[in-house]
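The chains referred to below are lettered A, B, ... by the order of the sequence lines, with proteins before strands, and numbering in each begins at 1.
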Amino acid sequence: MELPKAYSPKEVEDKIYKLWEESGFFSPEGLSSVASAKEDRFTSRKFVAAIAPPNITGELHIGHALENTLEDIVIRMRRMQGYKTLWLPGTDHAGIAAQNKVEKQLAKEGLTRHKIGREKFLERMWEWREKYGNIILDQFKKLGLSVDWTRTQFTMNPGYQKAVETAFKKYQEKGWIYRGERVISWCPRCATSISDLEVNHVPEKGRLYFIKYGPFVLATTRPETKLGDTALAVHPSDERYKKYIGQEIEIDSVDNTLPAEQPPQIKKISLKVVDDISVDKEFGTGIIKVTPAHDLTDYEISLRHNLPLVKIIDERGKMNENAGIRYQGLKVAQAREQIAKDLETLGLIEKIEDYDHNVGHCDRCDSVIEPLPSKQWFLKMEELAKLAIEALGNGEVVVHSEKWGQDMKNWLTNVRDWNISRQLWWGHKIPIDGEEDVLDTWFSSALWPFAAMGWPEKTKDLTEYYPTDFITSDRGIRYLWQARMIFSGKFFTGSAPFKDIYIHATVLTKNGKRMSKSLGTGIDPLAVIEKYGADALRFGLAYQTTELQDMRFGEDTIIMGKKFANKFWNIARYVLMKLGDDYEITGTRPLGSEIISKMDSAAESVTKNIEKYKFGEAAHELYDFIWHEFADKYIEETKDKDDQETKNALAYLLLTCLKLLHPFMPFITEEVYSKLPIKDKGLLIVEKWPS
RNA sequence: GCGCGCUUAGCUCAGUUGGUUAGAGCACUGCUUUUACACAGCAGGGGUCGUAGGUUCGAAUCCUACAGCGCGCACCA
């Protein structure tokens, strides 16, 4: 059987993937066809993982490629070790992100969701999901992922909807769901509340306005919120202001009842001075205006001092009737300019300084966030957080590396109640009569490992495969998703939903910047696969993986993977040539020569490293052994030998390396395996792991 | 601001509990087209291990300070 001189991935990959799919070995049911009770293969031991479901909005990016390559390495090794493996795939409806996509689509047609109405809009959402929802999953096939496609889930499937409803009701029975008017982070563009975790603080150049407030001067970046002031606050121990605490102070303000066309006039108002420890004596003049409705810190102060809220900014980011006719209808930024001008005219501004500060932006659309009071649904976190902290503390869930586990515990210890309602249309409707809002998308994601298996029904899958063994994601969603999965699992099923969490590195550009599609700094995995092959990409990614260090990824590493694939291909060619036509590989271990024992210890070490999720080390060991020990030394030393012993050793080395390399480079290894002179062989994917 | 991480060859990174001449891939130089592979082989150049101190018989490895880069949390109005 002649092998071509160079390995060409394109001719191999799709063909091999098809073979695997047809074999049924991606499903535990398929594995039972080759099960052996005697050797305990695919019978009693199980290994289960649920994929991090990609959003229906997306396309494959290099982060997905890394994440799922690593997970596939674990799954493939476990499968070969004889575990009945299940890797459960699916997609996430991605509430706000997906809704934004379709709204953009509508905008191109000159439409808005309000113009077409809720029903029609949801139809469009489902159309989107039909058309684009599975793109990533299809792309996963190019990567060679061995997920069980017969079980593909979606977070808005009817069964999953039921899980979400059930979960909500169970929380309700506990009395942990409540509705409250609170100041929350609001995105005027998306017209919904968003989670604090979805607010990005971006440094911006702003201005600090020093405004006269009666006998005081105080500094603010947002003069327009003056119209919503309900108090002034100082630090309790500030000697400068101690005598004013508790007093009502008369202040010159601007008359907001005058139309904008008229020159500004002074209006007297009065504000009480309160003392609060949150005030920094050192900043500005040490005295602050309190605008409870539009500032999170001020809101906290208002709760402590029982101050009223005056809402002056509406849900579209415009000044409302409480701002007075002079400002009503202006956008926040316009109102800021207008009032600054008015105050200046009235001589109420002492000075204006340039000022660099951080401004909150929406994670999804980058609009400036407006804190404002809004009626939202909340989930009490106290008891739930305890459940997760306990699971992380007693080793029921182990986080790799430990650094991230500690980090999650810290977050859970300080976590506030979860605002679970969103003013969107795409998502799970809050299961309360007359309620129009939907649930935060992470509410359903939090149920993923068990809801994807059919919970709350007592399904066979749930009994057999839950809890799972492994999950992985990048660090960006360890609170949003992983921490919440832990307490959801504990609360609803009594078990933590997985044993091991692996937080993988973030892939950066070669220059250490975040990869961004809009900046054109991303690497498209599909283009890489097209150019170098999936195995090269997979191996390159795994080779660079370390526990903590983020990964600056360039083509060099992929080129290395490609060269390595070609090297391995030629090792196989050589061995096959050397073995000759009538040799049959039996897989028996030749008696211990030096190279054989080196092989064995490499096998053991690679296994241990994958089991400990030390992917980079495992890849290095394989590379070094195959290239430098097997090829450079052993093959070179035995070139002039033709005896049976050498042939046995060559055959054994090739077969063992093939197996060890398979999780990293599944396509080329399966292809080579298909060419080996072995009697009654099946597919490499279910062959016995060497260690 | 608080916390964490990183800083080792031109580039991207390894360096296990401190111990002889600090490693890999890519790039580079020279030689080799020898029937597995030129996507290769052999040989080689290149590093005061961020800076300054300290501990030690001995430090890239431990401690302190500083600097640069990055991440997370919190936002000071």
Enquirer: Ignoring hydrogens and angles, does a donor from either the side chain of A:K567 or the base of B:C37 sit under 3.5 Å from an acceptor on the other?
Expert: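 Per atom types, the contact qualifies.
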
Enquirer: Before we go on, tell me: are the rings of A:F615 and A:Y502 under 6.0 Å apart, centre to centre?
Expert: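 Close enough - the centres of the two rings lie under 6.0 Å apart.
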
Enquirer: Can you tell me whether the side chain of A:E636 and the base of B:A36 have a donor-acceptor pair closer than 3.5 Å?
Expert: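 Per atom types, the contact qualifies.
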
Enquirer: Whole angstrom is fine here: how far is it from CD1 in A:I558 over to P in B:G25?
Expert: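 Rounding to the nearest Å, CD1 of A:I558 and P of B:G25 are 18 Å apart.
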
Enquirer: Both A:N570 and A:Q544 contact RNA chain B. Taking the nearest nucleotide for each, which residue is further toward the 5' end?
Expert: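 The answer here is A:Q544.
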
Enquirer: Show me, pair by pair, the donor-acceptor contacts under 3.5 angstrom made by side chains of residues 211-221 of chain A, not counting sequence neighbours?
Expert:
residue, atom, partner, partner atom, Å
A:K212, NZ, A:G347, O, 3.3
A:Y213, OH, A:D229, OD2, 2.6
A:T220, OG1, A:R222, N, 3.0

Enquirer: My understanding is that only residues two or more places apart in sequence, or in another chain, count here; which of them pass salt bridge (charged side-chain N to carboxylate O under 4.0 Å, His left out) with A:E239?
Expert: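 With sequence neighbours excluded, A:E239 shows a salt bridge (charged side-chain N to carboxylate O under 4.0 Å, His left out) to A:K242, given in chain and number order.
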
Enquirer: Need one value for A:D632: base, sugar-phosphate or nothing, where a base atom within 4.0 Å counts as base even if backbone is also close, heavy atoms only.
Expert: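 Sugar-phosphate contact only - A:D632 comes under 4.0 Å of backbone atoms but never of a base.
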
Enquirer: With A:Y574, which residues qualify under side-chain hydrogen bond (donor to acceptor under 3.5 Å, both in side chains), at least two apart?
Expert: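 side-chain hydrogen bond (donor to acceptor under 3.5 Å, both in side chains) check on A:Y574 returns nothing, list empty.
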
Enquirer: Using a 3.5 Å distance criterion without hydrogens, assess whether the side chain of A:W481 forms a donor-acceptor pair with backbone atoms of A:S445.
Expert: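 Yes; judged by distance alone, with no hydrogens or angles, the pair exists.
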
Enquirer: Between the base of B:A38 and the side chain of A:K5, is there a donor-acceptor distance below 3.5 Å?
Expert: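 A donor-acceptor contact between them is absent.
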
Enquirer: Do A:V183 and A:P292 have side-chain heavy atoms sitting under 4.5 Å apart?
Expert: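 A side-chain contact under 4.5 Å is absent here.
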
Enquirer: Looking only at atom C1', what distance separates B:A43 and B:U20, rounded to whole Å?
Expert: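 Going atom to atom, C1' in each nucleotide, I get 25 Å.
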
Enquirer: Restricting to nitrogen or oxygen on both sides, can you table the protein-nucleotides 26-30 of chain B pairs closer than 3.5 Å?
Expert:
residue, atom, partner, partner atom, Å
B:C26, O2', A:D556, OD1, 3.1
B:C26, O2', A:D556, OD2, 3.2

Enquirer: Have a look at A:K578 and say if it touches a base, only the backbone sugar-phosphate, or nothing, with a 4.0 Å heavy-atom cut-off.
Expert: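 Here A:K578 touches no strand at all.
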
Enquirer: Round to the nearest Å and state the distance from A:F564 atom CZ to B:A24 atom C1'.
Expert: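 Those two atoms, CZ and C1', are 13 Å apart.
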
Enquirer: Quickly, which of A:E621, A:E604, A:H620, A:K614 forms a side-chain hydrogen bond (donor to acceptor under 3.5 Å, both in side chains) with A:N609? Name it, please.
Expert: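 Per the side-chain hydrogen bond (donor to acceptor under 3.5 Å, both in side chains) rule, the option paired with A:N609 is A:E621, out of A:E621, A:E604, A:H620, A:K614.
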
Enquirer: C1' atom, B:G68 versus B:C76: distance in rounded Å?
Expert: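 These two C1' atoms come out 26 Å apart once rounded.
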
Enquirer: Taking the C1' atom in each of B:G1 and B:A74, what is the distance between them to the nearest angstrom?
Expert: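 Taking atom C1' in both B:G1 and B:A74, they lie 8 Å apart.
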
Enquirer: Can you measure A:E621 atom CD to B:G23 atom P for me and round it to whole angstrom units?
Expert: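 One finds 19 Å between P of B:G23 and CD of A:E621, rounded.
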
Enquirer: Could you tell me how far apart A:M408 (CE) and B:G72 (P) are, to the nearest whole angstrom?
Expert: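 In whole Å, B:G72 P lies 16 Å from A:M408 CE.
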
Enquirer: Rounded to whole Å, please give me the gap between NZ in A:K562 and C1' in B:C37.
Expert: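 Whole-Å distance recorded here is 12 Å.
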
Enquirer: What's the gap between B:G53 and B:C26 when it is taken at their P atoms, as a whole Å value?
Expert: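 B:G53 and B:C26 have their P atoms separated by 39 Å.
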
Enquirer: Would you call A:F568 and A:F630 a side-chain contact if the rule is heavy atoms closer than 4.5 Å?
Expert: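 The answer is no, as the side chains (C-beta and beyond) never meet within the 4.5 Å cut-off.
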
Enquirer: In whole angstrom, give the distance that lies between atom OH of A:Y532 and atom C1' of B:G25.
Expert: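 Rounded to the whole Å, the gap is 14 Å.
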
Enquirer: My understanding is that only residues two or more places apart in sequence, or in another chain, count here; which of them pass salt bridge (charged side-chain N to carboxylate O under 4.0 Å, His left out) with A:K633?
Expert: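 Checked A:K633 against salt bridge (charged side-chain N to carboxylate O under 4.0 Å, His left out); matches are A:E629.
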
Enquirer: Measure from NZ or CZ of A:R478 to the centre of the six-membered ring of A:W411, then state whether that distance is under 6.0 Å and the direction lies within 45° of the axis.
Expert: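 No.
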
Enquirer: Please list, pair by pair, any protein nitrogen or oxygen found under 3.5 Å from a nitrogen or oxygen in nucleotides 74-77 of chain B.
Expert:
residue, atom, partner, partner atom, Å
B:C75, O3', A:T297, OG1, 3.3
B:C75, N3, A:N358, ND2, 2.9
B:C75, N4, A:N358, ND2, 2.4
B:C76, OP1, A:T297, OG1, 2.2
B:C76, OP2, A:T297, OG1, 3.4
B:C76, O2', A:Y355, OH, 2.7
B:C76, N3, A:D280, OD2, 3.3
B:A77, OP1, A:H357, ND1, 3.3
B:A77, OP2, A:Y355, OH, 2.2
B:A77, O3', A:T221, N, 2.6
B:A77, O3', A:T221, OG1, 2.9
B:A77, O2', A:T220, OG1, 3.3
B:A77, N6, A:D280, O, 2.9
B:A77, N1, A:D280, N, 3.4

Enquirer: In terms of side-chain heavy atoms, does A:S473 have a donor or acceptor partner in A:Q482 at a distance below 3.5 Å?
Expert: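 Result is yes, a qualifying pair exists.
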
Enquirer: Can you tell me, in whole Å, how much space there is between the C1' of B:G41 and that of B:U48?
Expert: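 34 Å, rounded to whole Å.
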
Enquirer: Using the C1' atom in both, what is the distance from B:A60 to B:C6, to the nearest Å?
Expert: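 Their C1' atoms lie roughly 14 Å apart.
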
Enquirer: Check each residue of residues 477-487 of chain A for a non-hydrogen atom within less than 4.0 Å of any atom in RNA chain B, then write out the ones that pass by number, or none.
Expert: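 Close to the strand are A:R478, A:Y479.
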
Enquirer: Can you list every stem that RNA chain B is part of, counting only runs of 3 or more consecutive Watson-Crick or G-U wobble pairs with both distances under 3.5 Å?
Expert: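 Result, WC/G-U stems under 3.5 Å: B:1-7 with B:67-73, B:10-13 with B:23-26, B:28-32 with B:40-44, B:50-54 with B:62-66.
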
Enquirer: Quick one: salt bridge (charged side-chain N to carboxylate O under 4.0 Å, His left out) partners of A:R304, sequence neighbours excluded?
Expert: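 With sequence neighbours excluded, A:R304 shows a salt bridge (charged side-chain N to carboxylate O under 4.0 Å, His left out) to A:D276, given in chain and number order.
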
Enquirer: Taking 4.0 Å as the cut-off, does a side-chain nitrogen or oxygen of A:R475 come that near to OP1 or OP2 on B:C71?
Expert: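 So the side-chain polar atoms of A:R475 never come under 4.0 Å of the phosphate oxygens OP1 or OP2 of B:C71.
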
Enquirer: Quiz question: by atom type and distance under 3.5 Å, do the side chains of A:Y479 and A:D407 form a donor-acceptor pair?
Expert: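 Yes, a side-chain donor-acceptor pair sits under 3.5 Å.
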
Enquirer: Given side chains that start at C-beta, do those of A:E555 and A:K531 come closer than 4.5 Å, heavy atoms only?
Expert: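 They are in side-chain contact.
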
Enquirer: Rounded to the nearest Å, what distance is computed from the NZ atom of residue A:K409 to the C1' atom of nucleotide B:G3?
Expert: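 Atom-to-atom, A:K409 to B:G3, this comes out as 16 Å.
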
Enquirer: Measure from CZ on A:F539 to P on B:G25 and round the result to the nearest Å.
Expert: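 Nearest whole value for this atom pair: 12 Å.
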
Enquirer: Work out how far the P atom of B:A67 is from that of B:U51, and round it to whole angstrom.
Expert: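 Per the computed distance, 16 Å lies between those P atoms.
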
Enquirer: Quick one: which residue pairs count as a side chain to side chain donor-acceptor pair (under 3.5 Å) with a foot in residues 559-571 of chain A, not counting sequence neighbours?
Expert: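 For residues 559-571 of chain A: A:N570-A:R573.
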
Enquirer: Any donor-acceptor pair under 3.5 Å linking the side-chain atoms of A:K578 with those of A:T646?
Expert: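 The answer is no; no qualifying pair exists.
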
Enquirer: Between B:G23 and B:G19, how far is it from one P atom to the other, in whole Å?
Expert: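 One P to the other, the span is 13 Å.
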
Enquirer: Report yes or no: does A:H294 contribute a side-chain atom to a donor-acceptor pair with the main-chain N or O of A:I313 at less than 3.5 Å?
Expert: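 Indeed, once roles are kept as given, a pair shorter than 3.5 Å links the two residues.
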
Enquirer: Scan A:Y543 against the nucleic acid and name what it touches under 4.0 Å (heavy atoms): base, sugar-phosphate only, or nothing.
Expert: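 Answer is sugar-phosphate: A:Y543 comes under 4.0 Å of backbone atoms only.
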
Enquirer: Is there any salt bridge (Lys or Arg N to Asp or Glu O under 4.0 Å) pair reaching into residues 657-669 of chain A, and which pairs are they, with sequence neighbours excluded?
Expert: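 Those involving residues 657-669 of chain A do not exist here.
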
Enquirer: Expected output is a numbered-order residue list: members of residues 652-670 of chain A with a heavy atom under 4.0 Å from any atom of RNA chain B. What is it?
Expert: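 Here the set is empty: none.
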
